[in-house]
Novice: 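The structure that follows is given in the form of structure tokens.
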Amino acid sequence: MQRALSVSRMTGNKSTFPDWYQAIVREADMAESSPVRGSMIIKPWGYGVWERIQQTMDRRIKEMGVDNAYFPLFIPLGFFAKEAEHVDGFAKEMAVVTHHRLKSIDGKLQPDPDAKLEEPLIVRPTSETIIGDAFSRWVKSYRDLPLKINQWANVVRWEMRTRLFLRTSEFLWQEGHTAHATREDALASTLLALEMYREFSENVLAMPVVAGEKPENERFPGADATYSIEAMMQDGKALQAGTSHYLGTSFSRAQNIRYQSDSGEMEFCHTSSWGTSTRMIGGVIMTHGDDDGLRLPPAIAPRQIVIVPMLRGKEEDAQVLAYAEALVKDLNAQVALGEPIRALLDTKDQKSSDKRWNWVRRGAPVIVELGPRDAAGGQVSFMRRDRLRDGDKVKSQALARDEFVAQAPALLAEIQQSLFDEAKARLDANIRSDLTSFEQVAEYFGQLSDEDEETSAFKGWVRAPWSRPTGAELDKVVERLKALKLTLRNAPSQQPDSFGPCVFTGDPGVEEILIGRSY
RNA sequence: CGGAGUGUGGCUCAGUCUGGUAGAGCACCGCGUUCGGGACGCGGGGGUCGCAGGUUCGAAUCCUGCCACUCCGACCA
């Protein structure tokens with residue numbers, strides 16, 4: 001079968017899936033690596049996806065009563081020292097600014113020794129500390145609460161190993177920060193953000209996830225509780241696609257975020273923070289991509305319907321173009337998935353067959369090909385990117401022009417749904433929940449033959465009861481899993497009423513937890 | 001930062017063992033033939049072979065050092 005990508009995701013040796021991923025990022029025109037180690041250049045098509053994510057999520061954030069603001073990129077070093085666990089968690093991956101001027105010394109441009117900063121500045125890895133500092137000044141009275149702020153920003157974490165979108169030194173994200181009078185209120189806010197992420201991920205990204213609470217060892221540095229949404233990639237690994245933290249009063253104590261209650265007492269605020277990043281784009285690629293390239297859910301596709309006119313340098317070209325222009329105009333006047341349709345007439349001076357395949361690789365949800373015959377017959381030939389092929393052949397279908405225009409919103413909604421359904425079926429089919437002991441779990445994941453390993457054996461996740469051990473006992477569990485390259489993902493929010501014994505300790509189970517390999 | 005591997009036009013790679021001064025396919029440009037469709041022919045542009053030293057009459061090729069990237073590990077959104 002002819003493929004659009006040079007690399008197939010499911011055949012060959014174990015390095016195939018990463019190779020396939022990189023091929024998509026490149027061939028779908030999403031991003032490329034930059035001269036700066038670990039940092040990427042997000043190209044227009046990839047950034048267009050990010051803009052769609054921003055716009056649709058920002059609306060949801062505002063619906064939660066959260067306002068946008070902007071805080072500095074640089075954070076004084078001293079701010080981190082205030083919260084011990086927090087600084088420990090990030091110390092090893094901080095970019096530090098120590099000078100404010102360059103000087104040519106011996107013909108070499110270097111930091112001017114006379115321009116050393118009194119106190120080094122950290123390029124934010126996350127903004128709890130500097131936002132908390134502002135909160136401490138903004139909150140005086142219980143009447144100021146709850147305080148709910150979000151910012152869209154870039155952050156820097158000096159990671160050892162980077163992969164485009166999934167883990168880069170600099171990445172784009174949103175971070176929400178809230179302060180509340182009570183634990184209940186802050187926890188409710190934490191869970192509201194988590195639910196927003198779940199709904200966004202499933203309805204906008206068409207990426208099914210499991211929302212739940214992270215075990216103690218996976219908590220955000222300094223948090224009382226961390227929640228996540230976990231998505232299953234096509235190689236069976238888990239991708240943490242969003243996190244929400246209940247920070248208790250540890251950050252407000254460290255930063256003196258206090259309010260006077262209605263009874264006149266000074267009380268510490270309970271705070272929360274939550275974030276999602278450009279990593280979600282990596283998740284979309286690994287959830288929906290196929291051997292022909294990317295498949296974008298219509299809700300985040302920068303262009304939902306792309307029209308490729310079949311031009312051959314003949315007189316009839318003018319008619320085809322006029323026909324296509326009128327079609328784009330009518331499509332863009334329609335509303336799909338709650339917004340005006342984003343249709344594009346691709347007039348680039350390029351062979352139409354090349355244009356078609358470029359849009360296939362980029363994942364445009366609907367690709368329309370219009371030739372003289374369509375123009376003359378008043379019809380529209382198109383292909384759905386979610387169901388591109390019938391066997392090895394590309395599946396093209398035709399509709400009367402007006403019918404196509406009228407059905408376009410429903411078509412896009414259907415593609416959105418079908419991508420979700422496909423991914424949801426895969427997720428559901430690949431969570432084993434019938435294993436009752438660690439030995440069984442180990443056997444399921446661990447005894448992969450060399451052959452399995454080489455064909456990227458798809459194992460998915462295991463969902464099993466556990467006793468929620470803490471401290472040293474939890475560390476032991478984590479170690480045993482680590483030997484199998486496994487991690488605890490989260491304890492899903494939806495839990496049954498009763499539990500079998502813990503697969504790790506044999507003690508009575510108190511909840512079910514997801515186990516799997518992860519990114 | 002530990003282990004393994006790879007750096008040759010935009011992309012995928014051959015050439016490296018056995019030194020003689022750079023190739024293929026795709027992409028790009030031109031002309032022509034095709035064309036409901038990832039076509040073909042002819043012609044063409046583009047590379048100081050990751051960087052810096054060394055050996056040699058001569059280095060993509062041998063030696064030394066460095067850098068970057070990929071995969072595995074540790075760390076993480």
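Because only heavy atoms are used, hydrogens play no part in the values below, and waters and symmetry mates are left out as well, while side chains stay in. Treat the numbers as computed from the prediction; the structure is a model and nothing was measured. Naming convention: chains lettered A, B, ... in sequence-line order (proteins, then strands); numbering from 1 in each chain.
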Novice: Name the nucleic acid region contacted by Leu166(A), choosing base, sugar-phosphate or nothing; use a 4.0 angstrom heavy-atom cut-off, strictly under.
Specialist: base

Novice: Using atom NZ of Lys393(A) as one end and atom C1' of rG38(B) as the other, report the distance to the nearest whole Å.
Specialist: 14 Å

Novice: Base, sugar-phosphate, or nothing: which does Ser381(A) touch, judged by heavy atoms less than 4.0 Å apart?
Specialist: base

Novice: To the nearest Å, give me how far apart CE (Met310(A)) and P (rG38(B)) are.
Specialist: 9 Å

Novice: In Watson-Crick or G-U wobble terms, both distances under 3.5 Å, what is the partner of rC1(B)?
Specialist: rG73(B)

Novice: Tell which nucleotide pairs with rU64(B), taking only Watson-Crick or G-U wobble pairs whose two distances are both under 3.5 angstrom.
Specialist: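 Paired with rA52(B).
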
Novice: Base of rG73(B), side chain of Arg517(A) - is there a donor-acceptor contact under 3.5 Å?
Specialist: no

Novice: Over 60° means perpendicular and under 30° means parallel, so tell me whether Phe438(A) and Phe504(A) are parallel, tilted or perpendicular.
Specialist: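 Rings of Phe438(A) and Phe504(A): tilted, as their planes differ by 30° to 60°.
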
Novice: Could you tell me if Lys82(A) sits above the aromatic ring of Phe79(A), with its cationic atom closer than 6.0 Å to the ring centre and no more than 45 degrees from the axis?
Specialist: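 Checked: cation-pi criterion met.
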
Novice: On a plain distance test, is the side chain of Arg167(A) in donor-acceptor contact with the base of rC76(B) below 3.5 Å?
Specialist: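 Pair found.
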
Novice: Does any nucleotide pair with rC42(B) by Watson-Crick or G-U wobble geometry, both distances under 3.5 Å, and what is it?
Specialist: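 Across any shown strand, rC42(B) pairs with rG30(B).
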
Novice: Considering Watson-Crick and G-U wobble pairs with both distances under 3.5 Å, what does rG19(B) pair with?
Specialist: none

Novice: Atom CZ of Arg26(A) and atom C1' of rU12(B): how far apart are they, to the nearest Å?
Specialist: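 Rounding to the nearest Å, CZ of Arg26(A) and C1' of rU12(B) are 8 Å apart.
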
Novice: With both distances under 3.5 angstrom, what nucleotide forms a Watson-Crick or G-U wobble pair with rG9(B)?
Specialist: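 Result: none.
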
Novice: I'd like to know if Arg385(A) and Asp290(A) make a salt bridge, using a cut-off of under 4.0 Å between side-chain N and carboxylate O.
Specialist: yes

Novice: Classify Lys355(A) by what it touches in the nucleic acid, base, sugar-phosphate, or nothing, heavy-atom distance under 4.0 Å.
Specialist: nothing

Novice: Specify the separation, in whole Å, of atom CD of Glu32(A) and atom C1' of rC69(B).
Specialist: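 Spelled out: CD on Glu32(A) to C1' on rC69(B) is 15 Å.
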
Novice: At 4.0 Å (heavy atoms only), tell me whether Gln22(A) reaches a base, stays on the sugar-phosphate, or touches nothing.
Specialist: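 The residue Gln22(A) makes sugar-phosphate contact but no base contact.
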
Novice: Given the ring of Tyr444(A), does Lys459(A) sit roughly above its face, with NZ or CZ under 6.0 Å from the centre of the six-membered ring and within 45° of the axis?
Specialist: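 Positive - Lys459(A) is close enough to the ring of Tyr444(A) and near enough to its axis.
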
Novice: Rounding to a whole Å, what distance do you find between Arg489(A):CZ and rC76(B):P?
Specialist: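 For the pair Arg489(A) CZ and rC76(B) P, the rounded distance is 12 Å.
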
Novice: Please report, rounded to the nearest Å, how far the C1' atom of rC76(B) is from the CZ atom of Arg124(A).
Specialist: 19 Å

Novice: Should the pair Trp50(A) and Trp152(A) be assigned to parallel (<30°), tilted (30 to 60°) or perpendicular (>60°) ring geometry?
Specialist: perpendicular

Novice: Return whichever of Ser277(A) or Gly371(A) has its heavy-atom-nearest nucleotide of RNA chain B closer to the 5' end.
Specialist: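 The residue mapped nearer the 5' terminus is Gly371(A).
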
Novice: OP1, OP2 of rG73(B) versus side-chain N and O of Lys485(A): anything below 4.0 Å?
Specialist: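 So the side-chain polar atoms of Lys485(A) do come within 4.0 Å of the phosphate oxygens OP1 or OP2 of rG73(B), strictly under.
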
Novice: Touch check for Ser244(A), heavy atoms < 4.0 angstrom, all strands: base, sugar-phosphate only, or nothing?
Specialist: nothing

Novice: Between His245(A) and Asp374(A), name the one whose nearest nucleotide on RNA chain B is closer to the 5' end.
Specialist: Asp374(A)

Novice: Expressed as a whole number of angstroms, how long is the span from Ile41(A):CD1 to rC69(B):C1'?
Specialist: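 Ile41(A) atom CD1 is separated from rC69(B) atom C1' by 15 Å.
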
